[in-house]
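Just so it is clear, the model here is predicted, and its values are computed rather than measured. Residue numbers start from 1 in every chain, and the chains themselves are labelled A, B, ... in the order their sequence lines are given, proteins ahead of strands.
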There are 2 protein chains.
Amino acid sequence: MEKFLELLNEQYRLENEQIKILLNAFEKVDIQKSEFLLLAGNVARKVYLVDKGVIRVFSDDGNQESTRRIAFENEFATSFDSFINQTPSSESIQALEEGILYELSYINVRKLNETVPAWRAFYINRIEQAFTLHYGRIEAFQSMTAKERYDALISQRPQMIARLSNKVLASYLGITQESLSRIKSKV
Amino acid sequence: MEKFLELLNEQYRLENEQIKILLNAFEKVDIQKSEFLLLAGNVARKVYLVDKGVIRVFSDDGNQESTRRIAFENEFATSFDSFINQTPSSESIQALEEGILYELSYINVRKLNETVPAWRAFYINRIEQAFTLHYGRIEAFQSMTAKERYDALISQRPQMIARLSNKVLASYLGITQESLSRIKSKV
DNA sequence: ATGCTTTTTTATCATTTGTCAATTTTTAAA
DNA sequence: TTTAAAAATTGACAAATGATAAAAAAGCAT
(Lines give C-alpha, C1' and ligand atoms only; values in the text may rest on other atoms or scores of the structure.)
Protein backbone atom coordinates (compact mmCIF):
# COMPACT_ATOMS: atom_id res chain seq x y z
CA MET A 1 0.00 0.00 0.00
CA GLU A 2 2.80 2.40 0.85
CA LYS A 3 4.51 1.61 -2.42
CA PHE A 4 1.32 2.28 -4.29
CA LEU A 5 0.87 5.68 -2.64
CA GLU A 6 4.51 6.51 -3.32
CA LEU A 7 4.06 5.72 -6.97
CA LEU A 8 0.89 7.73 -7.17
CA ASN A 9 2.51 10.69 -5.45
CA GLU A 10 5.62 10.56 -7.60
CA GLN A 11 3.74 10.50 -10.86
CA TYR A 12 0.66 12.51 -10.11
CA ARG A 13 1.30 14.69 -7.05
CA LEU A 14 -1.10 14.08 -4.21
CA GLU A 15 -2.34 16.59 -1.68
CA ASN A 16 -2.78 15.44 1.90
CA GLU A 17 -6.51 15.82 1.61
CA GLN A 18 -6.54 13.48 -1.37
CA ILE A 19 -4.38 10.91 0.37
CA LYS A 20 -6.97 10.77 3.13
CA ILE A 21 -9.79 10.25 0.66
CA LEU A 22 -7.84 7.50 -1.03
CA LEU A 23 -6.93 5.69 2.15
CA ASN A 24 -10.55 5.76 3.26
CA ALA A 25 -11.66 4.20 0.01
CA PHE A 26 -9.46 1.14 0.41
CA GLU A 27 -10.15 -1.66 2.86
CA LYS A 28 -7.53 -4.09 4.12
CA VAL A 29 -8.28 -7.80 3.84
CA ASP A 30 -6.29 -10.78 5.08
CA ILE A 31 -6.45 -13.81 2.82
CA GLN A 32 -5.68 -17.47 3.31
CA LYS A 33 -4.13 -19.73 0.71
CA SER A 34 -6.74 -21.09 -1.72
CA GLU A 35 -9.41 -18.72 -0.42
CA PHE A 36 -11.91 -17.50 -3.01
CA LEU A 37 -12.42 -13.75 -3.29
CA LEU A 38 -15.02 -14.15 -6.02
CA LEU A 39 -16.99 -17.13 -7.27
CA ALA A 40 -18.09 -17.32 -10.90
CA GLY A 41 -21.71 -16.28 -11.22
CA ASN A 42 -21.42 -13.37 -8.83
CA VAL A 43 -20.73 -9.75 -9.66
CA ALA A 44 -17.18 -8.56 -9.07
CA ARG A 45 -17.82 -5.67 -6.71
CA LYS A 46 -14.18 -5.06 -5.79
CA VAL A 47 -10.84 -4.55 -7.40
CA TYR A 48 -7.91 -5.88 -5.41
CA LEU A 49 -4.50 -4.38 -4.84
CA VAL A 50 -2.12 -7.13 -3.74
CA ASP A 51 -0.03 -6.04 -0.81
CA LYS A 52 1.41 -9.46 -0.03
CA GLY A 53 0.79 -12.79 -1.74
CA VAL A 54 -0.51 -13.80 -5.15
CA ILE A 55 -4.02 -13.98 -6.56
CA ARG A 56 -5.34 -15.35 -9.81
CA VAL A 57 -8.36 -14.68 -11.98
CA PHE A 58 -9.52 -17.76 -13.83
CA SER A 59 -12.45 -19.52 -15.44
CA ASP A 60 -13.43 -23.15 -15.11
CA ASP A 61 -15.73 -24.69 -17.69
CA GLY A 62 -15.91 -27.95 -15.76
CA ASN A 63 -13.46 -29.53 -18.14
CA GLN A 64 -10.48 -27.24 -17.81
CA GLU A 65 -9.32 -24.18 -15.94
CA SER A 66 -8.01 -21.09 -17.75
CA THR A 67 -5.95 -18.66 -15.74
CA ARG A 68 -6.43 -15.21 -17.21
CA ARG A 69 -4.51 -13.01 -14.85
CA ILE A 70 -1.97 -13.39 -12.07
CA ALA A 71 -1.34 -10.47 -9.73
CA PHE A 72 1.69 -10.24 -7.46
CA GLU A 73 2.63 -7.59 -4.94
CA ASN A 74 1.64 -4.02 -5.91
CA GLU A 75 -0.48 -5.18 -8.82
CA PHE A 76 -4.22 -4.76 -9.25
CA ALA A 77 -6.66 -7.44 -10.34
CA THR A 78 -10.33 -8.18 -10.66
CA SER A 79 -12.70 -9.85 -13.08
CA PHE A 80 -12.65 -6.81 -15.27
CA ASP A 81 -15.63 -7.31 -17.54
CA SER A 82 -17.84 -8.08 -14.57
CA PHE A 83 -16.42 -5.21 -12.57
CA ILE A 84 -16.83 -2.42 -15.08
CA ASN A 85 -20.31 -3.50 -16.15
CA GLN A 86 -21.35 -4.81 -12.72
CA THR A 87 -22.73 -7.97 -14.29
CA PRO A 88 -22.22 -11.60 -13.20
CA SER A 89 -18.72 -12.87 -13.77
CA SER A 90 -17.73 -15.95 -15.69
CA GLU A 91 -14.52 -15.95 -13.71
CA SER A 92 -13.48 -16.71 -10.16
CA ILE A 93 -10.72 -15.06 -8.14
CA GLN A 94 -8.60 -17.05 -5.76
CA ALA A 95 -5.65 -16.46 -3.48
CA LEU A 96 -2.67 -18.67 -4.28
CA GLU A 97 -0.75 -17.74 -1.16
CA GLU A 98 -1.61 -16.41 2.26
CA GLY A 99 -1.40 -12.63 2.13
CA ILE A 100 -2.85 -9.15 2.41
CA LEU A 101 -5.03 -7.27 -0.05
CA TYR A 102 -6.47 -3.79 -0.21
CA GLU A 103 -9.84 -3.83 -1.86
CA LEU A 104 -11.63 -0.96 -3.56
CA SER A 105 -15.33 -1.10 -4.35
CA TYR A 106 -16.82 -0.30 -7.74
CA ILE A 107 -18.61 2.72 -6.32
CA ASN A 108 -15.40 4.06 -4.85
CA VAL A 109 -13.53 3.62 -8.13
CA ARG A 110 -16.15 5.66 -9.94
CA LYS A 111 -16.23 8.25 -7.17
CA LEU A 112 -12.46 8.60 -7.15
CA ASN A 113 -12.51 8.97 -10.91
CA GLU A 114 -14.83 11.95 -10.50
CA THR A 115 -13.24 13.61 -7.52
CA VAL A 116 -9.51 12.88 -7.39
CA PRO A 117 -7.76 13.94 -10.60
CA ALA A 118 -4.55 12.21 -9.60
CA TRP A 119 -6.40 8.96 -9.14
CA ARG A 120 -8.18 9.41 -12.46
CA ALA A 121 -4.91 9.88 -14.31
CA PHE A 122 -3.55 6.86 -12.52
CA TYR A 123 -6.65 4.82 -13.36
CA ILE A 124 -6.46 5.69 -17.04
CA ASN A 125 -2.79 4.84 -17.04
CA ARG A 126 -3.39 1.50 -15.32
CA ILE A 127 -6.05 0.47 -17.81
CA GLU A 128 -3.78 1.46 -20.66
CA GLN A 129 -1.00 -0.63 -19.15
CA ALA A 130 -3.31 -3.56 -18.47
CA PHE A 131 -4.41 -3.36 -22.06
CA THR A 132 -0.89 -3.59 -23.41
CA LEU A 133 -0.08 -6.43 -21.02
CA HIS A 134 -2.97 -8.52 -22.28
CA TYR A 135 -2.31 -7.43 -25.83
CA GLY A 136 1.11 -9.00 -25.48
CA ARG A 137 -0.53 -12.28 -24.62
CA ILE A 138 -2.51 -12.20 -27.86
CA GLU A 139 0.74 -11.64 -29.75
CA ALA A 140 2.16 -14.68 -27.97
CA PHE A 141 -0.80 -16.92 -28.75
CA GLN A 142 -0.88 -15.81 -32.37
CA SER A 143 2.70 -16.35 -33.27
CA MET A 144 4.50 -18.50 -30.72
CA THR A 145 4.58 -22.17 -29.80
CA ALA A 146 3.92 -23.23 -26.22
CA LYS A 147 7.66 -23.63 -25.64
CA GLU A 148 8.33 -20.14 -26.96
CA ARG A 149 5.61 -18.67 -24.76
CA TYR A 150 7.12 -20.43 -21.77
CA ASP A 151 10.62 -19.15 -22.53
CA ALA A 152 9.33 -15.62 -23.05
CA LEU A 153 7.56 -15.77 -19.71
CA ILE A 154 10.74 -16.85 -17.95
CA SER A 155 12.56 -13.79 -19.19
CA GLN A 156 9.70 -11.33 -18.87
CA ARG A 157 7.99 -12.39 -15.67
CA PRO A 158 10.27 -14.85 -13.84
CA GLN A 159 8.02 -14.72 -10.76
CA MET A 160 5.45 -16.59 -12.78
CA ILE A 161 7.66 -19.63 -13.02
CA ALA A 162 9.08 -19.29 -9.52
CA ARG A 163 5.90 -18.83 -7.55
CA LEU A 164 3.20 -20.69 -9.45
CA SER A 165 2.41 -24.38 -9.55
CA ASN A 166 2.73 -26.13 -12.88
CA LYS A 167 -0.99 -26.58 -12.93
CA VAL A 168 -1.69 -22.86 -12.70
CA LEU A 169 1.17 -21.96 -15.00
CA ALA A 170 -0.03 -24.40 -17.65
CA SER A 171 -3.56 -23.02 -17.48
CA TYR A 172 -2.11 -19.53 -17.89
CA LEU A 173 -0.11 -20.59 -20.93
CA GLY A 174 -3.17 -22.26 -22.42
CA ILE A 175 -1.71 -25.78 -22.41
CA THR A 176 -2.09 -28.94 -20.35
CA GLN A 177 0.03 -29.74 -17.31
CA GLU A 178 1.52 -32.67 -19.20
CA SER A 179 2.64 -30.48 -22.08
CA LEU A 180 4.20 -28.00 -19.67
CA SER A 181 6.00 -30.82 -17.88
CA ARG A 182 7.50 -31.94 -21.19
CA ILE A 183 8.45 -28.42 -22.19
CA LYS A 184 10.33 -27.93 -18.93
CA SER A 185 12.22 -31.20 -19.31
CA LYS A 186 13.28 -30.34 -22.88
CA VAL A 187 15.87 -27.85 -21.48
CA MET B 1 -18.45 10.73 -37.83
CA GLU B 2 -22.05 11.76 -37.32
CA LYS B 3 -22.81 8.47 -35.69
CA PHE B 4 -19.86 8.88 -33.38
CA LEU B 5 -21.04 12.35 -32.31
CA GLU B 6 -24.55 11.06 -31.82
CA LEU B 7 -23.30 8.32 -29.55
CA LEU B 8 -21.15 10.71 -27.61
CA ASN B 9 -24.03 13.14 -27.19
CA GLU B 10 -26.47 10.44 -26.15
CA GLN B 11 -24.24 9.00 -23.50
CA TYR B 12 -22.33 12.00 -22.26
CA ARG B 13 -24.24 15.16 -23.20
CA LEU B 14 -22.24 17.53 -25.34
CA GLU B 15 -22.48 21.31 -25.37
CA ASN B 16 -22.18 23.09 -28.73
CA GLU B 17 -18.90 24.57 -27.70
CA GLN B 18 -17.49 21.12 -27.01
CA ILE B 19 -18.74 19.76 -30.30
CA LYS B 20 -16.75 22.46 -32.04
CA ILE B 21 -13.62 21.59 -30.11
CA LEU B 22 -14.07 17.94 -30.96
CA LEU B 23 -14.67 18.51 -34.65
CA ASN B 24 -11.59 20.66 -34.87
CA ALA B 25 -9.47 17.94 -33.30
CA PHE B 26 -10.35 15.37 -35.95
CA GLU B 27 -9.01 15.41 -39.47
CA LYS B 28 -10.65 13.66 -42.39
CA VAL B 29 -8.49 11.33 -44.51
CA ASP B 30 -9.35 9.45 -47.67
CA ILE B 31 -7.70 6.08 -47.96
CA GLN B 32 -7.05 3.71 -50.84
CA LYS B 33 -7.19 -0.04 -50.63
CA SER B 34 -3.91 -1.52 -49.32
CA GLU B 35 -2.61 1.90 -48.35
CA PHE B 36 -0.42 1.94 -45.23
CA LEU B 37 -1.36 4.39 -42.49
CA LEU B 38 1.58 3.35 -40.34
CA LEU B 39 4.71 1.34 -41.05
CA ALA B 40 6.33 -0.73 -38.32
CA GLY B 41 9.29 1.12 -36.85
CA ASN B 42 7.52 4.46 -36.77
CA VAL B 43 5.62 6.02 -33.89
CA ALA B 44 1.84 5.81 -34.09
CA ARG B 45 0.95 9.48 -33.85
CA LYS B 46 -2.73 9.10 -34.67
CA VAL B 47 -5.72 7.08 -33.66
CA TYR B 48 -8.17 6.40 -36.47
CA LEU B 49 -11.94 6.43 -36.43
CA VAL B 50 -13.20 4.45 -39.41
CA ASP B 51 -15.99 6.28 -41.20
CA LYS B 52 -16.10 4.00 -44.21
CA GLY B 53 -14.00 0.95 -45.04
CA VAL B 54 -11.89 -1.43 -42.99
CA ILE B 55 -8.42 -1.13 -41.51
CA ARG B 56 -6.20 -3.63 -39.81
CA VAL B 57 -3.38 -3.47 -37.29
CA PHE B 58 -0.86 -6.24 -37.77
CA SER B 59 2.71 -7.31 -37.29
CA ASP B 60 4.97 -9.08 -39.73
CA ASP B 61 8.04 -10.91 -38.49
CA GLY B 62 9.19 -11.71 -42.02
CA ASN B 63 7.92 -15.21 -41.68
CA GLN B 64 4.27 -14.66 -40.89
CA GLU B 65 1.75 -11.89 -40.44
CA SER B 66 -0.35 -11.57 -37.28
CA THR B 67 -3.46 -9.47 -37.50
CA ARG B 68 -4.13 -7.99 -34.09
CA ARG B 69 -7.08 -5.74 -34.67
CA ILE B 70 -9.66 -5.14 -37.37
CA ALA B 71 -11.72 -1.94 -37.29
CA PHE B 72 -14.92 -1.48 -39.28
CA GLU B 73 -17.18 1.55 -39.57
CA ASN B 74 -17.50 3.61 -36.35
CA GLU B 75 -14.69 1.75 -34.63
CA PHE B 76 -11.38 3.19 -33.46
CA ALA B 77 -7.97 1.66 -34.03
CA THR B 78 -4.30 2.39 -33.71
CA SER B 79 -1.12 0.63 -32.66
CA PHE B 80 -2.00 1.14 -29.05
CA ASP B 81 1.25 0.49 -27.23
CA SER B 82 3.11 2.77 -29.62
CA PHE B 83 0.40 5.41 -29.44
CA ILE B 84 0.10 5.76 -25.68
CA ASN B 85 3.84 5.66 -25.07
CA GLN B 86 4.77 7.46 -28.30
CA THR B 87 7.46 4.90 -28.98
CA PRO B 88 8.24 3.06 -32.25
CA SER B 89 5.62 0.53 -33.20
CA SER B 90 6.21 -3.14 -33.94
CA GLU B 91 2.97 -3.06 -35.91
CA SER B 92 1.78 -1.63 -39.19
CA ILE B 93 -1.67 -0.29 -40.01
CA GLN B 94 -3.19 -0.84 -43.41
CA ALA B 95 -6.47 -0.09 -45.17
CA LEU B 96 -8.18 -3.20 -46.49
CA GLU B 97 -10.77 -1.28 -48.47
CA GLU B 98 -11.02 2.16 -50.00
CA GLY B 99 -12.65 4.43 -47.45
CA ILE B 100 -12.71 7.44 -45.16
CA LEU B 101 -11.08 7.89 -41.78
CA TYR B 102 -11.07 10.61 -39.16
CA GLU B 103 -7.75 10.79 -37.44
CA LEU B 104 -6.96 12.23 -34.05
CA SER B 105 -3.42 13.05 -32.98
CA TYR B 106 -1.85 11.93 -29.73
CA ILE B 107 -1.61 15.49 -28.53
CA ASN B 108 -5.27 16.10 -29.22
CA VAL B 109 -6.30 12.96 -27.37
CA ARG B 110 -4.40 14.08 -24.30
CA LYS B 111 -5.76 17.62 -24.65
CA LEU B 112 -9.34 16.43 -25.01
CA ASN B 113 -8.86 14.22 -21.97
CA GLU B 114 -7.96 17.32 -19.97
CA THR B 115 -10.50 19.74 -21.33
CA VAL B 116 -13.63 17.92 -22.47
CA PRO B 117 -15.12 15.82 -19.67
CA ALA B 118 -17.56 14.13 -22.04
CA TRP B 119 -14.69 13.03 -24.21
CA ARG B 120 -12.74 11.83 -21.22
CA ALA B 121 -15.61 9.67 -20.02
CA PHE B 122 -15.95 8.36 -23.54
CA TYR B 123 -12.22 7.67 -23.77
CA ILE B 124 -12.18 5.73 -20.52
CA ASN B 125 -15.19 3.77 -21.63
CA ARG B 126 -13.60 2.96 -24.99
CA ILE B 127 -10.43 1.67 -23.42
CA GLU B 128 -12.43 -0.42 -21.00
CA GLN B 129 -14.40 -1.86 -23.91
CA ALA B 130 -11.27 -2.43 -25.97
CA PHE B 131 -9.79 -4.24 -23.04
CA THR B 132 -12.73 -6.63 -22.72
CA LEU B 133 -12.72 -7.21 -26.47
CA HIS B 134 -9.10 -8.27 -26.46
CA TYR B 135 -9.57 -10.16 -23.23
CA GLY B 136 -12.15 -12.25 -25.04
CA ARG B 137 -9.51 -13.20 -27.56
CA ILE B 138 -7.25 -14.52 -24.83
CA GLU B 139 -10.11 -16.64 -23.56
CA ALA B 140 -10.53 -17.99 -27.09
CA PHE B 141 -6.85 -18.81 -27.52
CA GLN B 142 -6.64 -20.42 -24.11
CA SER B 143 -9.57 -22.74 -24.34
CA MET B 144 -10.78 -23.17 -27.93
CA THR B 145 -9.56 -25.00 -31.02
CA ALA B 146 -9.11 -23.09 -34.25
CA LYS B 147 -12.45 -24.39 -35.52
CA GLU B 148 -14.20 -23.25 -32.35
CA ARG B 149 -12.62 -19.81 -32.60
CA TYR B 150 -13.77 -19.56 -36.19
CA ASP B 151 -17.34 -20.58 -35.33
CA ALA B 152 -17.43 -18.14 -32.43
CA LEU B 153 -16.27 -15.37 -34.75
CA ILE B 154 -19.02 -16.14 -37.24
CA SER B 155 -21.68 -15.66 -34.60
CA GLN B 156 -20.07 -12.76 -32.79
CA ARG B 157 -18.59 -10.70 -35.60
CA PRO B 158 -19.99 -11.96 -38.92
CA GLN B 159 -18.46 -8.98 -40.75
CA MET B 160 -15.09 -10.54 -40.09
CA ILE B 161 -15.90 -13.51 -42.25
CA ALA B 162 -17.86 -11.56 -44.82
CA ARG B 163 -15.43 -8.73 -45.51
CA LEU B 164 -11.97 -10.16 -44.90
CA SER B 165 -9.81 -12.32 -47.10
CA ASN B 166 -8.93 -15.77 -45.84
CA LYS B 167 -5.36 -14.67 -45.53
CA VAL B 168 -6.19 -11.83 -43.16
CA LEU B 169 -8.79 -13.84 -41.30
CA ALA B 170 -6.35 -16.72 -40.76
CA SER B 171 -3.71 -14.35 -39.44
CA TYR B 172 -6.31 -12.90 -37.06
CA LEU B 173 -7.26 -16.36 -35.81
CA GLY B 174 -3.61 -17.25 -35.37
CA ILE B 175 -3.59 -20.10 -37.88
CA THR B 176 -2.33 -20.67 -41.42
CA GLN B 177 -4.42 -20.00 -44.51
CA GLU B 178 -4.36 -23.71 -45.25
CA SER B 179 -5.80 -24.59 -41.88
CA LEU B 180 -8.54 -22.00 -42.28
CA SER B 181 -9.36 -23.33 -45.71
CA ARG B 182 -9.78 -26.81 -44.24
CA ILE B 183 -11.85 -25.55 -41.33
CA LYS B 184 -14.22 -23.81 -43.72
CA SER B 185 -14.64 -26.90 -45.89
CA LYS B 186 -15.41 -29.09 -42.83
CA VAL B 187 -18.92 -27.57 -42.71
C1' DA C 1 6.42 -39.20 11.42
C1' DT C 2 2.24 -41.36 9.00
C1' DG C 3 -1.09 -41.65 5.77
C1' DC C 4 -3.92 -39.19 2.44
C1' DT C 5 -4.41 -35.99 -1.23
C1' DT C 6 -2.67 -33.30 -4.82
C1' DT C 7 0.77 -32.41 -8.11
C1' DT C 8 4.20 -33.77 -11.30
C1' DT C 9 6.25 -36.82 -14.36
C1' DT C 10 6.37 -40.36 -17.88
C1' DA C 11 4.54 -43.22 -21.52
C1' DT C 12 1.50 -44.30 -25.40
C1' DC C 13 -1.56 -43.01 -28.74
C1' DA C 14 -4.93 -39.68 -31.03
C1' DT C 15 -5.93 -35.21 -32.81
C1' DT C 16 -4.91 -30.78 -34.34
C1' DT C 17 -2.27 -27.78 -36.76
C1' DG C 18 1.85 -26.66 -39.57
C1' DT C 19 4.91 -27.24 -43.68
C1' DC C 20 5.73 -27.86 -48.30
C1' DA C 21 4.30 -28.38 -52.87
C1' DA C 22 1.12 -28.34 -56.62
C1' DT C 23 -3.20 -26.81 -58.66
C1' DT C 24 -7.19 -24.05 -59.18
C1' DT C 25 -9.53 -19.83 -58.62
C1' DT C 26 -9.80 -15.03 -58.09
C1' DT C 27 -8.14 -10.47 -58.53
C1' DA C 28 -5.95 -6.71 -60.65
C1' DA C 29 -3.18 -4.55 -64.17
C1' DA C 30 -1.82 -3.77 -68.91
C1' DT D 1 -10.05 -9.05 -72.94
C1' DT D 2 -5.61 -10.95 -71.92
C1' DT D 3 -2.12 -11.80 -68.86
C1' DA D 4 0.29 -11.81 -64.66
C1' DA D 5 0.04 -11.85 -59.77
C1' DA D 6 -2.16 -13.03 -55.55
C1' DA D 7 -5.20 -15.87 -52.99
C1' DA D 8 -7.52 -20.14 -52.01
C1' DT D 9 -7.74 -25.03 -52.16
C1' DT D 10 -6.03 -29.70 -51.84
C1' DG D 11 -2.84 -33.49 -50.74
C1' DA D 12 0.92 -35.79 -48.28
C1' DC D 13 3.59 -35.72 -44.50
C1' DA D 14 5.74 -33.68 -40.08
C1' DA D 15 5.49 -31.51 -35.70
C1' DA D 16 3.07 -29.89 -31.72
C1' DT D 17 -0.21 -30.61 -28.42
C1' DG D 18 -4.04 -33.19 -26.16
C1' DA D 19 -6.15 -37.35 -23.86
C1' DT D 20 -5.74 -41.09 -21.01
C1' DA D 21 -3.57 -43.89 -17.74
C1' DA D 22 -0.16 -45.07 -14.44
C1' DA D 23 3.60 -44.18 -11.40
C1' DA D 24 6.48 -41.13 -8.73
C1' DA D 25 7.04 -37.09 -5.97
C1' DA D 26 5.60 -33.44 -3.12
C1' DG D 27 2.53 -31.22 0.00
C1' DC D 28 -0.55 -31.27 3.92
C1' DA D 29 -3.28 -32.59 7.93
C1' DT D 30 -3.59 -35.39 11.78
Practice problem: Could you check whether the rings of B/Phe36 and B/Phe58 sit parallel, tilted or perpendicular, using 30° and 60° as the cut-offs? | Solution: tilted

Practice problem: Measure the acute angle between the ring planes of A/Tyr135 and A/Phe131, then classify it against the limits of 30° and 60° as parallel, tilted or perpendicular. | Solution: parallel

How close or far is atom [atom2] of [N] from atom [atom1] of [X], stated in whole angstroms?
X        : N      : atom1 : atom2 : value
B/Gln142 : D/dG18 : CD    : P     : 12 Å
A/Asp61  : D/dG18 : CG    : P     : 14 Å
A/Leu96  : D/dC28 : CG    : P     : 12 Å
A/Glu65  : C/dT7  : CD    : C1'   : 13 Å
A/Leu173 : D/dA16 : CG    : C1'   : 15 Å

Exercise. Measure the OG1-CG distance between A/Thr132 and B/Asp81 for me, rounded to the nearest 0.5 Å.
Key: 5.0 Å

Self-check item: Reported OH-to-CG distance for the pair A/Tyr102 and A/Leu23, which is rounded to 0.5 angstrom
Solution: 9.0 Å

Practice problem: Look at B/Glu98 together with B/Lys52 and state whether they make a salt bridge at an N to O cut-off of under 4.0 Å. | Solution: no

Quiz item: Between B/Arg68 and B/Glu91, is there a side-chain N and carboxylate O pair less than 4.0 Å apart?
Solution: yes

Quiz prompt | Linked, directly or transitively: A/Leu39 and A/Tyr48 (ILVMFWY side chains, under 4.5 Å) | solution = no

Exercise. Rounding to 10 degrees, work out the angle separating the end axes of the helix from C/dA1-D/dT30 to C/dA30-D/dT1 (five pairs an end).
Key: 60°

Quiz item: Between B/Glu103 (side chain) and B/Leu49 (backbone), is there a donor-acceptor pair under 3.5 Å?
Solution: no

Practice problem: Encode nucleotides 9-22 of chain C as B, S and - characters from 5' to 3', where the letter depends on protein heavy atoms closer than 4.0 Å: B to the base, S only to sugar-phosphate, - to neither. | Solution: BBBB----SSBBB-

